[in-house]
Number of protein chains: 2
Amino acid sequence: MSEPATGEPPRAPEDGRVTLVQVAKLAGVSPTTVSHVLSGKRWVAESTQETVRDAIRQLGYRPNNVARSLRTRQSKMVAVVVPDITNPFYAVLTRGLADAVDGSGYGTYVCNTDGNPDRENSFLADVVDRGVDGVVMASGEVTGGVGPGGLGVPAVRIGGDPDNDPHVDLVAPDDQFGSHAAVRHLVERGRRRIAMIEGPHASGFGRETGYRQALAESGIPVDPDLLIRGDWTRPGGRKAMHALMALPSRPDAVFCANDLSAIGAIDAAHELGLGVPADVSIVGFDDVDAATIVNPPLTTVRNPAYETGYAAGELLLSRVNGGYAGDGRTVVLPCLLVVRQSA
Amino acid sequence: MSEPATGEPPRAPEDGRVTLVQVAKLAGVSPTTVSHVLSGKRWVAESTQETVRDAIRQLGYRPNNVARSLRTRQSKMVAVVVPDITNPFYAVLTRGLADAVDGSGYGTYVCNTDGNPDRENSFLADVVDRGVDGVVMASGEVTGGVGPGGLGVPAVRIGGDPDNDPHVDLVAPDDQFGSHAAVRHLVERGRRRIAMIEGPHASGFGRETGYRQALAESGIPVDPDLLIRGDWTRPGGRKAMHALMALPSRPDAVFCANDLSAIGAIDAAHELGLGVPADVSIVGFDDVDAATIVNPPLTTVRNPAYETGYAAGELLLSRVNGGYAGDGRTVVLPCLLVVRQSA
DNA sequence: ACCAGTATGCCAAACGATTTGCATGCGGGT
DNA sequence: ACCCGCATGCAAATCGTTTGGCATACTGGT
């Protein structure tokens, strides 16, 4: 919101919009002066200000932001590109971002890529063509930063590999810590054959690392059969769980890389007549709303989606307005285990 | 996406972006010509086109959309103003809208109002100042349409009172039909004391009307004590349910105006040791994802959020590109009961 | 009278595209 | 020779702001 709340719906007096020159004409001053009373960038006599403001009110003038953007080279807009806004995690992240930047008059533009790299790139191109002042990339990676050969606008990556591009700001959950806590909790509960349902990509970092680390600490060897790939969705989790349970020697616990997968896994357990957590413990990752709705309530690692979006917004603002132009910063947000009843 | 997918991330060759004049200079033609080969609005000799395209490639030129918008007076952006993108219903609606307009090169801009009328109005002002080509208003009402005294851009309202402003396009779920079906289903199951948890506003239309109608048809008088106000949230539903169950003569069924409230009601039932649907039947409205996750799975009315957003997008496009300039159209989308296990 | 200093406002050039009308060159019909 | 029509391409105005540099007027000190 770049203008203060009025409590009244905006109205255009006629069909064509009023321009600054018309205001100037009515007020009997030059456009320059009108601009200055609006921006306050140069001193204008009190009396003149009055006249101008009257004219503005009388005409119902509203500045044309497109023209303004063209001249000032900033659009007061940030973009967030996510796989799917329908996914609660990204919805919450988006809200955090919006709340962070709204106060400074920035609007939020959303792109859904479905995780398709072609769409990621064309949306990235699209948003910089649209002149956004910053972009937060929560789908796929972005490299090159803002420097030469880069995107041309400040960017911040969400999650992903910290080493990927040190020039781009990054905000990431402490995946490894969270996973570690989750798996540790499982072994503390006496589980030994602990499977993991991963995301679709091969990934040596983050969630899988924490899993391996916790296992190693407990002297449990990792069984490659117990590492299975999901696709972040509920049906994907269900399928993976069925595969796991068809194994000659079943796991007695499964750690899922996100909640949706975990919910799918619970579906599968129910279908198989397995008790959760009696027969098999399940823990998720993210702590979406649904985690408290599913039966049994899901033990999961809280992924601070809102805070992530908010932090990304602040990082962006500090580059756009704060004058920060240094190298890429990394902020990692804590992920705490929340124990409910599924494990 | 206004440019086709490239499969490659966009890069700027130098720090400052390349402009059309630079391309023209390199190609040895006038800016006019470059513009024409880009837009195809006027014929340009094949050989010249080649030269120009080469220059474009060589420089990595990308058109500046802000400048383009200023001149053409369209931003290729639509805005959607919702109470909260975090609410799955609005997230899905937003996705439908985005999918509808994306193919025509329109981007989607999101505003969260939290239902605050001041924010609604200032966001409305903000988006028209930003020059969006259309806005879909899913939070509160918008009146005045695009005509004199109106907003200045095409708008479509989501839900709300059909009679409110006939000049503005409206897409609404068939609330009344859906509610009617839900309540009928309840009486068919033998329920007679059927409560309703409403939204926060007094509302004579839609969901409540269907409720009353179904009751009337079945010869059941409406008991004002059984009509209680919620706030669309889970805690709100829980509280309302507790109030209902504290009544001297308890309801044996409750129809909730949305799923979140229904889930809260189920929470309350569990807290009270009540079986669902054994002791009390519960039906919701919306059919969000969580409806299949809750225990027992929620019987609810499917509110076609995606289709609603999509339809809104089409309505907008038909005004922006399709040349439609007639009076407000109304499209009402069917709401079907989906029977699961809570009633 | 003169000059420095301050207060106030205007001119005109950007910003980067689109678009209307005109200019030019050429081929062919009379 | 002359004129018409067609195919091309360009000049210049325009969209609505912002902003650096300059002009003007007035104050007060000498």
Side-chain angles (χ1 to χ4, degrees), chain A residues 2-3 12 14-53 55-56 59-76 105 128-131 133 152, chain B residues 2-3 12 14-53 55-56 59-76 105 128-131 133 152:
Chain A
S2 56
E3 307 296 326
E14 300 151 41
D15 200 60
R17 284 192 66 164
V18 181
T19 77
L20 179 146
V21 268
Q22 302 181 31
V23 172
K25 213 158 287 179
L26 176 60
V29 300
S30 79
T32 307
T33 304
V34 179
S35 176
H36 284 144
V37 354
L38 247 19
S39 69
K41 287 201 175 142
R42 264 213 235 199
W43 194 243
V44 173
E46 201 54 57
S47 61
T48 317
Q49 293 204 30
E50 265 320 307
T51 320
V52 170
R53 272 188 233 289
I56 287 180
L59 260 33
Y61 168 72
R62 316 227 75 208
N64 178 330
N65 257 307
V66 177
R68 179 176 290 178
S69 292
L70 176 58
R71 180 64 226 235
T72 62
R73 305 158 149 289
Q74 47 171 324
S75 59
K76 291 274 184 181
V128 339
D129 289 350
R130 285 192 136 86
D133 295 339
Chain B
S2 56
E3 306 298 326
E14 301 150 40
D15 201 60
R17 284 192 65 167
V18 181
T19 77
L20 179 145
V21 268
Q22 302 181 32
V23 173
K25 213 158 285 178
L26 176 59
V29 300
S30 80
T32 309
T33 303
V34 178
S35 176
H36 284 144
V37 354
L38 246 21
S39 69
K41 286 201 175 142
R42 222 128 122 161
W43 194 243
V44 173
E46 201 53 59
S47 60
T48 318
Q49 292 205 28
E50 265 321 305
T51 320
V52 170
R53 273 188 232 288
I56 287 180
L59 259 34
Y61 168 72
R62 316 228 75 209
N64 179 329
N65 257 306
V66 178
R68 179 175 289 178
S69 292
L70 177 57
R71 180 64 229 239
T72 62
R73 305 157 152 290
Q74 49 170 324
S75 58
K76 290 273 182 181
V128 339
D129 289 350
R130 284 193 139 85
D133 295 339

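Within every chain, numbering begins at 1; the chains are lettered A, B, ... in the order of the sequence lines, protein sequences first and strands thereafter. These numbers come from the heavy atoms of this one structure, side chains and all, not from hydrogens, waters or symmetry mates.
- The distance from atom CG of Leu20(A) to atom P of dG16(D) is 11 Å, rounded to the nearest whole Å.
- The side chain of Thr32(A) has dT19(D) as its nearest neighbour among dG16(C), dT19(D), dT19(C).
- Residue Lys41(B) has no polar side-chain atom (N or O) positioned under 4.0 Å from OP1 or OP2 of dT18(C).
- By the side-chain contact (heavy atoms from CB on, under 4.5 Å) test, Ile56(A) is found to be paired with Val23(A), Leu38(A), Val52(A), Tyr61(A), residues two or more places apart in sequence or in another chain being considered.
- Atom NE2 of His36(B) and atom P of dT19(C) are 8 Å apart (whole Å).
- Between the side chain of Arg71(A) and the base of dT18(D) there is at least one donor-acceptor pair of N/O atoms closer than 3.5 Å.
- Comparing dA17(C), dG16(C), dC10(C) by their closest approach to the side chain of Ser30(A) singles out dC10(C).
- Residues Val21(A) and Pro31(A) approach most closely at CG1-CG, 3.7 Å, considering heavy atoms.
- Side-chain atoms of Thr72(B) come within 3.5 Å of backbone N or O of Arg68(B) as a donor-acceptor pair.
- Nucleic acid contact for Thr72(A): sugar-phosphate only, since backbone atoms but no base atoms lie under 4.0 Å from a heavy atom of the residue.
- Between Arg42(A) and Arg73(A), it is Arg42(A) whose nearest contact on DNA chain C lies nearer the 5' terminus.
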Contact list (N/O, under 3.5 angstrom) for nucleotides 5-8 of chain D vs protein:
from	atom 1	to	atom 2	distance (Å)
dT8(D)	OP2	Trp43(B)	NE1	3.4

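- At dT17(D), none of the side-chain N or O atoms of Ser35(A) fall inside 4.0 Å of OP1 or OP2 (strictly under the cut-off).
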